[in-house]
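Below, chain A is the first sequence line, B the second, and so on; all start at residue 1.
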2 protein chains.
Amino acid sequence: MTRTKTRDLIEEKADDLFYENGFEATSFADIADAVGISRGNFYHHFKSKDDILDAVIDRRLSKTARMLESWDADKLPKARILSFIRILLTNQTKIMAFGCPVGTLTTELAKLDHIAQSRAAEVFTLFRDWLTDQFHALGHGDESASLALHLLGRSQGIAVMASAYRDETYLRAEVTALEDWLDTVTTKLR
Amino acid sequence: MTRTKTRDLIEEKADDLFYENGFEATSFADIADAVGISRGNFYHHFKSKDDILDAVIDRRLSKTARMLESWDADKLPKARILSFIRILLTNQTKIMAFGCPVGTLTTELAKLDHIAQSRAAEVFTLFRDWLTDQFHALGHGDESASLALHLLGRSQGIAVMASAYRDETYLRAEVTALEDWLDTVTTKLR
DNA sequence: ACATATCTAGGACATTTGTCCTAATTTCTG
DNA sequence: CAGAAATTAGGACAAATGTCCTAGATATGT
């Protein structure tokens, strides 16, 4: 198999496992098993566990950036924010089982006092800046940044509670509440 | 040392370590070192790691119940809810470093597929039911339960974002926003 | 087609993990 | 005070961890 293919496969499986089982709880053996390669082969592609973590974070950063760009392409600001809110519904099953991938990873890395924590939080920054742009486009001026952070926090809270209780009704109700909030906030301007 | 004293000390240190470093990342050796006893002695008090986890959860449950009772004793419903909101300020430093102890533990246990996950979530239930009572007392009727869950989710989101960015300004702004929300919600009734 | 670089498997390694055992010490009880 | 019970220390144990090494297989470039 070509280099990039195996590397990519490792990153993909590691990404999944870090999300579903946590970074600390995922061992080299777990990833190697999931990929179907030997443990030894591993070190040809990644020379340490932190190396894989870096790659997984990179992967998530570019995946997120691509998603935001695709929303930029064919939507209006308010619809874009709605797309963000509705990630909670799109990924409902996984979120109820494992929470938000971004929030849970940064939380875990904070506890581990891991150097990569701030890099993991950059995924949040991607969303935050993008959301700030959207609120700006809607004419919210200086408020835009705090609206973006507020929305990010609301989503995180929903993810935490939805997974704690595995409660779909709560999740849906809160998504609706967020959509209402967006309506209120965007119509308050005129 | 008497049985209860050592047991208590172990629980206390385990509680702290689980919070600050995570459950999985905390080893027996870590706890034993923190308490200052030998690893062997450990198994006289707790026969497995899950045993300590159970004890720590019990501890948190009763600690939480006691706190809520103390608020019941000398406050009015709205002031009680305000006390809840202001936990975020009271425990600001720890929350910015390690997130919310309840949210982060349930999240981790969900990923580990751990049997104790639902018991850990009972701390949320304590808060939820108590908050529901307060909203009831304020005359919110059937809305009370979802208001309680909403407030719980908002707090969780704030804890996640505050620790992701270690951002005190955000935390304070969002607490103020929550206080405003409480005002709006409670005055909307008349 | 051959030399070179890349990839792969399998195992070695020291360390750490959770768990358990034994023997000594302390504390309690009659 | 003597005997029983509870507590403690220290180490043994297998399994798992992250890391590294070697030797064979595969692919690549000329």
Side-chain angles (χ1 to χ4, degrees), chain A residues 1-58 105 108-109 111-117 119-120, chain B residues 1-58 105 108-109 111-117 119-120:
Chain A
M1 213 183 301
T2 151
R3 175 180 192 86
T4 32
K5 253 195 184 163
T6 311
R7 250 194 90 98
D8 231 58
L9 206 60
I10 294 176
E11 289 178 12
E12 187 193 320
K13 296 295 183 184
D15 194 345
D16 290 346
L17 288 169
F18 287 174
Y19 177 32
E20 296 174 11
N21 302 333
F23 171 69
E24 183 85 356
T26 301
S27 71
F28 271 149
D30 293 334
I31 307 175
D33 283 358
V35 178
I37 61 171
S38 66
R39 248 151 288 118
N41 188 4
F42 222 103
Y43 278 78
H44 192 255
H45 297 279
F46 297 95
K47 62 178 186 298
S48 79
K49 205 183 174 186
D50 291 354
D51 250 46
I52 313 178
L53 179 59
D54 283 343
V56 166
I57 293 175
D58 278 350
L105 183 63
E108 183 178 2
L109 296 182
K111 281 181 199 286
L112 295 177
D113 220 352
H114 200 289
I115 334 142
Q117 195 266 354
R119 261 186 69 67
Chain B
M1 214 185 297
T2 151
R3 175 181 192 86
T4 33
K5 251 195 186 160
T6 311
R7 249 193 90 98
D8 232 58
L9 206 61
I10 293 175
E11 288 179 13
E12 186 193 320
K13 296 295 184 184
D15 194 345
D16 290 346
L17 288 169
F18 287 174
Y19 177 32
E20 296 175 10
N21 302 333
F23 170 68
E24 182 85 357
T26 302
S27 72
F28 271 149
D30 293 334
I31 308 175
D33 282 358
V35 179
I37 60 171
S38 67
R39 251 148 283 118
N41 188 4
F42 222 102
Y43 279 77
H44 191 256
H45 297 279
F46 298 95
K47 62 178 185 297
S48 79
K49 204 182 172 184
D50 291 354
D51 250 47
I52 313 177
L53 179 59
D54 283 343
V56 166
I57 294 175
D58 279 350
L105 183 63
E108 183 178 1
L109 296 182
K111 281 181 199 285
L112 296 176
D113 220 352
H114 200 289
I115 334 143
Q117 194 267 352
R119 261 186 68 67

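Between D:dT8 and B:T6, a contact under 4.0 Å exists linking OP1 or OP2 to a side-chain N or O. Within the 4.0 Å cut-off from OP1 or OP2 of D:dA16, not a single side-chain nitrogen or oxygen of A:S27 is found. The side chain of B:H44 contributes no N or O atom lying less than 4.0 Å from OP1 or OP2 of D:dT8. Look at A:H45 and you won't find any side-chain N or O under 4.0 angstrom from OP1 or OP2 of C:dT6.
Between the CG atom of B:L112 and the P atom of C:dG18 there is a distance of 12 Å, given to the nearest Å. As a whole-Å value, the separation of B:I37 CD1 from D:dT8 P is 7 Å. In this structure, the CZ atom of A:F28 is 16 Å from the C1' atom of C:dA9, given to the nearest Å. Nucleotide C:dT17 holds its C1' atom 10 Å from the CD atom of B:E24, rounded to whole Å. Summarising the geometry, the separation between NZ on B:K5 and C1' on C:dT26 is reported as 15 Å, rounded to the nearest angstrom. Atom CZ in B:R39 sits roughly 11 Å away from atom P in C:dT16 (whole-Å rounding). The CG atom of B:D33 sits 14 Å away from the C1' atom of D:dA9 (whole-angstrom rounding). Spacing between atom CZ of A:F46 and atom C1' of D:dT19 amounts to 16 Å, rounded to whole angstrom units.
Nearest nucleotide to the side chain of A:A29, out of C:dA9, C:dG18, D:dT17: D:dT17. Distances were taken from every side-chain heavy atom of B:S38 (C-beta onward) to each of D:dG18, D:dT8, C:dT19; the shortest belongs to D:dT8.
Counted within 6.0 Å of CZ on B:R39, heavy atoms from surrounding residues, nucleotides or ligands total 12 or fewer; the atom is thus considered open.
Side-chain atoms of A:K111 come within 3.5 Å of backbone atoms of B:Y19 as a donor-acceptor pair (strictly under, hydrogens ignored). Of the possible polar contacts, none joining the B:D54 side chain to the B:D51 backbone as a donor-acceptor pair under 3.5 Å is found.
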Problem set entry | A:I52/A:F28 under side-chain contact (heavy atoms from CB on, under 4.5 Å): CA gap, chis, key distance, verdict | CA-CA 10 Å; A:I52 313 178; A:F28 271 149; 3.2 Å; yes
For this session: Go through B:H114 and B:D50 one step at a time and tell me if the side-chain contact (heavy atoms from CB on, under 4.5 Å) criterion holds.
Result: CA-CA 9 Å; B:H114 200 289; B:D50 291 354; 2.9 Å; yes
For this session: Step by step, work out the side-chain contact (heavy atoms from CB on, under 4.5 Å) result for A:V56 and A:L105.
Result: CA-CA 11 Å; A:V56 166; A:L105 183 63; 5.5 Å; no
Problem set entry | B:V35 and B:N41: CA distance, side-chain angles, deciding distance, side-chain contact (heavy atoms from CB on, under 4.5 Å) verdict | CA-CA 11 Å; B:V35 179; B:N41 188 4; over 6 Å; no
Under 3.5 Å, which N/O atoms of the protein pair with N/O atoms of nucleotides 21-24 of chain C?
none

